[in-house]
Amino acid sequence: MPEIVTIGEALIDLTQTGEKPGHIRQYAAFPGGAPANVAVAAARLGASTAFIGKVGRDAFGSSIRQVLKDNQVDVSGLRQSDEALTTLAVVSIEAGGERVFSFYRAPGADTCLTPEEALEALEHYPQKPRFLHFGSVSLTADPARSATLCAARKAREEGLLISYDPNYRASLWPDQATAVERMREPLPLCHLLKLAQEELELLSGQADPEAGSLALAEAYSIPLIVVTLGGEGSFYRFGGHCGHIAAQKVEVADTNGAGDTFLGALLSRLVLSGGLEGLTPKELESHLNFASRAAALTCTRPGAIPAMPMLGEVEAQVPQGEQS
């Protein structure tokens, strides 16, 4: 039975892999989408996971389903749309490995998931999962927005831990004010909030991780907040405890999927240690160090899902004292 269920977008990342003379860019079609990525990352690192979402009845949709199955992700909640094709995200790589996103999604199949489909999928599992995770991309358009929020509220009522990543993609929103309003809406449901520094500033009005996380924790009673800082590592606030986790230094090939790997790795460790109840700051720091190493490995390879490490790869890099 799945311990971690993710809900939201599954799509194709058309990721730049090179450039020929004459400015002819080369792209590879990688299955992706942040919640799907998190499900795969956690599964590769030993957790039992499931994905709820919608793809087109097309070759790309079939590819996504097969990749999820190949990675031991339960796809009983993956629906097919007859109205829309699988969403495409074109990921161009700029200097230093940074990504620029362009979405082909008007509409995309991921936006067509209904509340009824989401609840039916969530109630399908014979035993309650421990975590439900989602991001903000599925909050950009209905019916997927209503489906995601409906599932999150239902999961919270039933005692699941709610994980949320407000991964901001400006091109998917009509304006920043609308984005901030909708990205804030799920915050009262959260037990775990993972966000990048840009998103921290958008949602809290504070650029400083300590001040921004405090503002969000006090406003929305969120037990655990993790702010990823790219090459500077990550910051966490867990109740009254704060700390900084250093980044693993690697040669970056592609940062796509690194944040999703980080979160999937963290969720996989939290499942093993029983969630948040009874978790100590020392155990949390061990989990975050594990997640940092997993994310660093992802950065050394192209693509999101194909680059995600297996458990043995990450454990080989974790000092004995940090293993859980």
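Computed from a predicted structure; not experimentally measured.
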Suppose we screen for side chain to side chain contact (heavy atoms under 4.5 Å, CB included). Which residues come up paired with Q72, at least two apart in sequence or across chains? none
Evaluate the side-chain proximity of L276 to L270: yes if any heavy-atom separation is below 4.5 Å, no if none is. yes
Distance-only side-chain donor-acceptor flag, D70 / Q66, under 3.5 Å: yes
Would E285 and R269 pass as an ion pair if we require N to O under 4.0 Å? no
In short, salt bridge (charged side-chain N to carboxylate O under 4.0 Å, His left out) pairs touching residues 118-130 with sequence neighbours left out are R79-E120
Among residues two or more places apart or on two chains, list those pairs meeting salt bridge (charged side-chain N to carboxylate O under 4.0 Å, His left out) that have a residue in residues 185-198. R145-E185, R153-E185, D165-K194
Let me have the donor-acceptor pairs involving side chains of residues 212-231, under 3.5 Å, with sequence neighbours excluded, atom names and distances please.
unit_1: S213; atom_1: OG; unit_2: P209; atom_2: O; d: 2.7
unit_1: S213; atom_1: OG; unit_2: E210; atom_2: O; d: 3.2
unit_1: S213; atom_1: OG; unit_2: R237; atom_2: NE; d: 2.9

Could you list the donor-acceptor pairs under 3.5 angstrom formed by side chains in residues 49-57, with sequence neighbours left out?
unit_1: T49; atom_1: OG1; unit_2: A39; atom_2: O; d: 3.1
unit_1: K54; atom_1: NZ; unit_2: C112; atom_2: O; d: 3.3
unit_1: K54; atom_1: NZ; unit_2: E117; atom_2: OE1; d: 3.1
unit_1: K54; atom_1: NZ; unit_2: E117; atom_2: OE2; d: 3.1
unit_1: R57; atom_1: NE; unit_2: D82; atom_2: OD1; d: 2.6
unit_1: R57; atom_1: NH1; unit_2: Q80; atom_2: OE1; d: 2.8
unit_1: R57; atom_1: NH2; unit_2: D82; atom_2: OD1; d: 3.3

Does the side chain of D175 come under 3.5 Å of the side chain of T178 through a donor N or O and an acceptor N or O? yes
Apart from I24 itself, residues in the same hydrophobic cluster as defined by side-chain heavy atoms under 4.5 Å: none
Pair listing, ring-ring contact (aromatic ring centres under 6.0 Å, His included) test, anchored in residues 128-155, at least two apart: F134-Y164
Return the set of residues passing side-chain hydrogen bond (donor to acceptor under 3.5 Å, both in side chains) with T298 (not counting sequence neighbours), or none when no residue passes. T261
Below 3.5 Å, can you tabulate the donor-acceptor pairs from side chains in residues 2-14 to any protein atom, sequence neighbours excluded?
unit_1: E3; atom_1: OE1; unit_2: S48; atom_2: N; d: 2.8
unit_1: T6; atom_1: OG1; unit_2: P35; atom_2: O; d: 2.9
unit_1: E9; atom_1: OE2; unit_2: A34; atom_2: N; d: 3.4

Will you find, in the side chains of E283 and H287, an N or O donor that is under 3.5 Å from an N or O acceptor? no
Please report the C-alpha distance between L266 and L288 in whole Å, then the side-chain angles of each, then the deciding distance to 0.1 Å, and finally whether the side chain to side chain contact (heavy atoms under 4.5 Å, CB included) criterion is met. CA-CA 6 Å; L266 176 57; L288 290 168; 4.0 Å; yes
Please test W173 against R182 for side chain to side chain contact (heavy atoms under 4.5 Å, CB included), starting from the C-alpha separation and ending with a verdict. CA-CA 10 Å; W173 297 96; R182 290 191 180 176; 3.5 Å; yes
Under the rule for salt bridge (Lys or Arg N to Asp or Glu O under 4.0 Å), what residues qualify as partners of K69, not counting sequence neighbours? none
Apply side-chain hydrogen bond (donor to acceptor under 3.5 Å, both in side chains) to S146 and list each qualifying residue two or more places apart in sequence or on a separate chain. D142
Check salt bridge (Lys or Arg N to Asp or Glu O under 4.0 Å) between R105 and all other residues, then give those that pass, not counting sequence neighbours. D110
